[in-house]
Amino acid sequence: MGYDLTPQGLHDLAEGAAVLGTGGGGDPYIGRLLVEREMAAGRRVRVIGADELPDDALVLPSSMMGAPTVFVEKLPSGGGNVAAFRALEEHLGRRAHAVMPTECGGLNSMIPLMLGAQLGLPVVDADGMGRAFPELQMQTFGVLGVSGSPMAIASDHGDVCVITAGDNKRMEQLARALTIQMGGASYISDYPMDTAEVRRTSVHGTLSLCRDIGRTLREARAAHADPFDALTAMLAGTIYSLGVVLFRGKVVDVERRTVDGFARGRARLRAADDPGDVLEITFQNEHLVARRDGRVLAIVPDLICTLATETGAPVPTESLAYGQRLTVFAISTPPIMRTPDALACFGPAGFGLTDPYVPLENLLPGSLAKTPAP
């Protein structure tokens, strides 16, 4: 059933989105403030399930594009959000019934909520990633046959373009180049879909899952309970199924640079009780692979999250800093993200990694059940 998002629900959703952002996707705190501004103006944020859409509906996903480090230095105003959406409607010659996230992780969980409030449209409780990814073609929508273009892209300064690309990878390349010219951040509306396509190709219930993750962490803090135990128990009843602590330690080195519109780098953590025990995380906006003494502990598309050890609060890549005490928490990705076609798009090879994909549960100690990789 659909529901109106409350201010507390928004806070919880933003924190859960930062967890599923796996270090990337932009800090949802910024987007949360933009949504709160709309709520304070009396506008409604309505979340509906894909099964509540009319059969003939047009749904337009919405998001921001750019390196997360840019959003820290240059706060978005939200002005280009409506411009991109309306430009795509005009190009298609149809009005949309609903907005939808392209990704539920990070800042991009907030952008469609703001847009839905601005336009008085419901937001579909689903997305195309079940987490955050750095490139536009890395969507279950595209993996399952939906074209990402025509897409519209806009800046905060009145620039608006419509792109029709030969394929989704080319769409990413063209939109990335425009985003760089727009100052490193842009608003996009892409993957126009009808109701049947939304139901068939999306990861369902992810906005509500973000809200539930945030609520779980908040309630664990209030009860002075272990937030990681609470999170593991909560995930066990969802399509993500498995959450597990991989490592606890202190950040001893961060290498981070903005290249070609992405935040790329690596972070190293050292265990408090063993100076020789080091975990290294490689990221491209999002965390891609975690290695301990060279051995892979978790790898994309499974989720690798960096959370504050004391509170469970998520720490994104742009905020990683020497001396932080972090817990690295891994989450198994939903089955729709593990098919051969999905792995070809956003598995290790999609990021130029030579490591093969091995499901998170197969990388854990033998007490857990093993399932073969697709």
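Positions are given from 1 along the sequence.
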Discussion item. One pair to check against salt bridge (charged side-chain N to carboxylate O under 4.0 Å, His left out): R266 and E280. What are the steps and the verdict?
Written reply: CA-CA 7 Å; R266 64 190 66 214; E280 181 175 283; 2.9 Å; yes
Worksheet item: Would a 4.5 Å heavy-atom cut-off, applied to side chains only, mark L360 and T333 as touching?
Response: no
Worksheet item: Step by step, would you call F283 with T22 a side chain to side chain contact (heavy atoms under 4.5 Å, CB included)?
Response: CA-CA 9 Å; F283 56 82; T22 65; over 6 Å; no
Worksheet entry | Derivation and outcome, side chain to side chain contact (heavy atoms under 4.5 Å, CB included), residues V123 and L207 | CA-CA 9 Å; V123 184; L207 287 176; 3.8 Å; yes
Practice prompt. Indicate, with yes or no, if V162 and L92 share a hydrophobic cluster defined by side-chain heavy-atom contacts under 4.5 Å among Ile, Leu, Val, Met, Phe, Trp and Tyr.
Written response: no
Worksheet entry | P227 side chain near T311 side chain, heavy-atom distance below 4.5 Å | no
Worksheet entry | Steps toward salt bridge (charged side-chain N to carboxylate O under 4.0 Å, His left out) verdict (E135, K169) | CA-CA 8 Å; E135 299 185 18; K169 177 64 175 177; 2.9 Å; yes
Response to the item:
The reported gap from CG in L303 to CZ in R131 (rounded to nearest 0.5 angstrom) is 4.5 Å
Discussion item. Assess, by modelled atom type and distance only, whether the side chains of H287 and T306 contain a donor and an acceptor separated by less than 3.5 Å.
Written reply: yes
Worksheet item: Taking the side chain as C-beta and beyond, is there a heavy-atom pair between P61 and M193 under 4.5 Å?
Response: yes
Fill in: Distance-minimising heavy-atom pair for A290 and I281
CB-CG1, 4.4 Å
Worksheet item: For E103, does its backbone N or O pair with a side-chain atom of N108 as donor and acceptor, under 3.5 Å?
Response: no
Response to the item:
Interatomic distance, CE@M110 vs OH@Y29, rounded to 0.5 Å, equals 13.0 Å
Discussion item. Determine whether a donor-acceptor pair (N or O, by modelled atom type, separation under 3.5 Å) exists between the side chain of E89 and the backbone of A96.
Written reply: yes
Item to complete: Taking all non-hydrogen atoms of both residues into account, name the closest pair between Q139 and T102 and its distance.
Response: OE1-O, 3.1 Å
Practice prompt. Count the heavy atoms belonging to other residues, nucleotides or ligands that lie under 6.0 Å from CZ of R86, then report whether that count exceeds 12.
Written response: yes
Worksheet, complete the sentence: Heavy atoms of A132 and G21 approach each other most closely as CB-O, 3.7 Å
Discussion item. I need the minimum non-hydrogen distance between S208 and D125, along with the two atoms involved.
Written reply: OG-OD2, 2.6 Å
Worksheet item: If you measure from CG on L178 to OG on S186, what distance do you get to the nearest 0.5 Å?
Response: 8.0 Å
Worksheet item: So is R211 actually on top of Y3's ring, under 6.0 Å and inside 45° of the axis?
Response: yes
Worksheet item: When clusters are formed by joining ILVMFWY residues with side-chain heavy atoms under 4.5 Å apart, either directly or through shared neighbours, do L231 and I239 land in the same one?
Response: yes
Item to complete: Mind running salt bridge (charged side-chain N to carboxylate O under 4.0 Å, His left out) on D253 and R270 for me, showing each step along the way?
Response: CA-CA 9 Å; D253 185 46; R270 179 175 294 146; over 6 Å; no
Discussion item. The test is salt bridge (charged side-chain N to carboxylate O under 4.0 Å, His left out); show your working for D12 and R218 and say whether it passes.
Written reply: CA-CA 8 Å; D12 291 340; R218 172 172 56 84; 2.8 Å; yes
Practice prompt. Give the intermediate values and the outcome of side chain to side chain contact (heavy atoms under 4.5 Å, CB included) for residues I48 and L53.
Written response: CA-CA 8 Å; I48 64 170; L53 288 167; 3.8 Å; yes
Worksheet item: Under the 3.5 angstrom rule, does the side chain of R256 hit a backbone N or O of T317 as a donor-acceptor pair?
Response: yes
Fill in: Polar side chain donor-acceptor pair, D302 to S332, under 3.5 angstrom
no
Worksheet item: Do F133 and F351 touch side chain to side chain, with heavy atoms closer than 4.5 Å?
Response: yes
Discussion item. When you measure from the side chain of T201 to the backbone of E197, do you find a donor-acceptor pair of N or O atoms at a distance under 3.5 Å?
Written reply: yes
Discussion item. Hydrophobic clusters here meaning ILVMFWY residues chained together by side-chain heavy-atom distances under 4.5 Å, can you tell me if M171 and V160 are in one?
Written reply: no
Worksheet item: Under 3.5 Å, is there a donor-acceptor pair linking the side chains of T327 and T309?
Response: yes
Worksheet item: Is V251 reachable from V278 through a run of hydrophobic residues whose side-chain heavy atoms are each under 4.5 Å from the next?
Response: no
Worksheet item: Among all residues two or more places apart in sequence or in another chain, which pass the ring pair (Phe, Tyr, Trp, His ring centres under 6.0 Å) test with Y191?
Response: F141
Practice prompt. For the residue pair F228 and R248, establish whether any side-chain heavy-atom pair is separated by less than 4.5 Å.
Written response: yes
Item to complete: Mark yes or no for whether Q324, through its side chain, and A321, through its backbone, hold a donor-acceptor pair below 3.5 Å.
Response: yes
Worksheet item: Counting N and O atoms only, with roles assigned by atom type, does the side chain of R215 sit under 3.5 Å from a partner on the main chain of G16, one being a donor and the other an acceptor?
Response: no
Worksheet item: Is it the case that more than 12 heavy atoms not belonging to E90 sit under 6.0 Å from its CD atom?
Response: no
Worksheet item: In terms of side-chain geometry, is the basic nitrogen of E286 or R264 positioned less than 4.0 Å from the acidic oxygen of its partner?
Response: no
Worksheet entry | Side chains of R176 and M65 in contact at under 4.5 Å (non-hydrogen atoms) | yes
Item to complete: Any chance you could measure I188, atom CD1, to T179, atom OG1, to the nearest 0.5 Å?
Response: 7.0 Å
Item to complete: Return the minimal non-hydrogen interatomic distance between H97 and P54, and the atom names on each side.
Response: NE2-CD, 3.4 Å
Fill in: Worked check of side chain to side chain donor-acceptor pair (under 3.5 Å) between D190 and S149
CA-CA 6 Å; D190 57 357; S149 68; over 6 Å; no
Worksheet item: Are D194 and R199 close enough for a salt bridge, meaning some N to O gap below 4.0 Å?
Response: no
Worksheet item: Less than 4.5 Å apart, any side-chain heavy atom of D293 and any of R295?
Response: no
Worksheet entry | For Q173, all residues meeting side chain to side chain donor-acceptor pair (under 3.5 Å), sequence neighbours excluded | R170
Worksheet, complete the sentence: One should read off an interatomic distance between R268 CZ and L320 CG, to the nearest 0.5 angstrom, of 13.0 Å
Response to the item:
CZ (R32) and OG (S109) are apart, to the nearest 0.5 Å, by 11.5 Å
Practice prompt. Could you tell me whether the side chain of T140 reaches within less than 4.5 Å of the side chain of M337, counting heavy atoms only?
Written response: yes
Discussion item. Taking G243's backbone N and O only, do any of them form a donor-acceptor pair with T232's side chain (distance below 3.5 Å, no angle check)?
Written reply: yes
Worksheet item: Pick one: which of T206, V203, L13 meets side chain to side chain contact (heavy atoms under 4.5 Å, CB included) with C104?
Response: T206
Item to complete: Grab the two heavy atoms, one from L60 and one from P192, that are nearest each other, plus how far apart they are.
Response: CD2-CB, 3.6 Å
Practice prompt. Check for a donor-acceptor pair, side chain of S319 on one end and backbone N or O of V315 on the other, with a separation under 3.5 Å.
Written response: no
Practice prompt. Evaluate side chain to side chain contact (heavy atoms under 4.5 Å, CB included) for S62 paired with N81, printing each intermediate quantity in order.
Written response: CA-CA 8 Å; S62 172; N81 208 17; 3.2 Å; yes
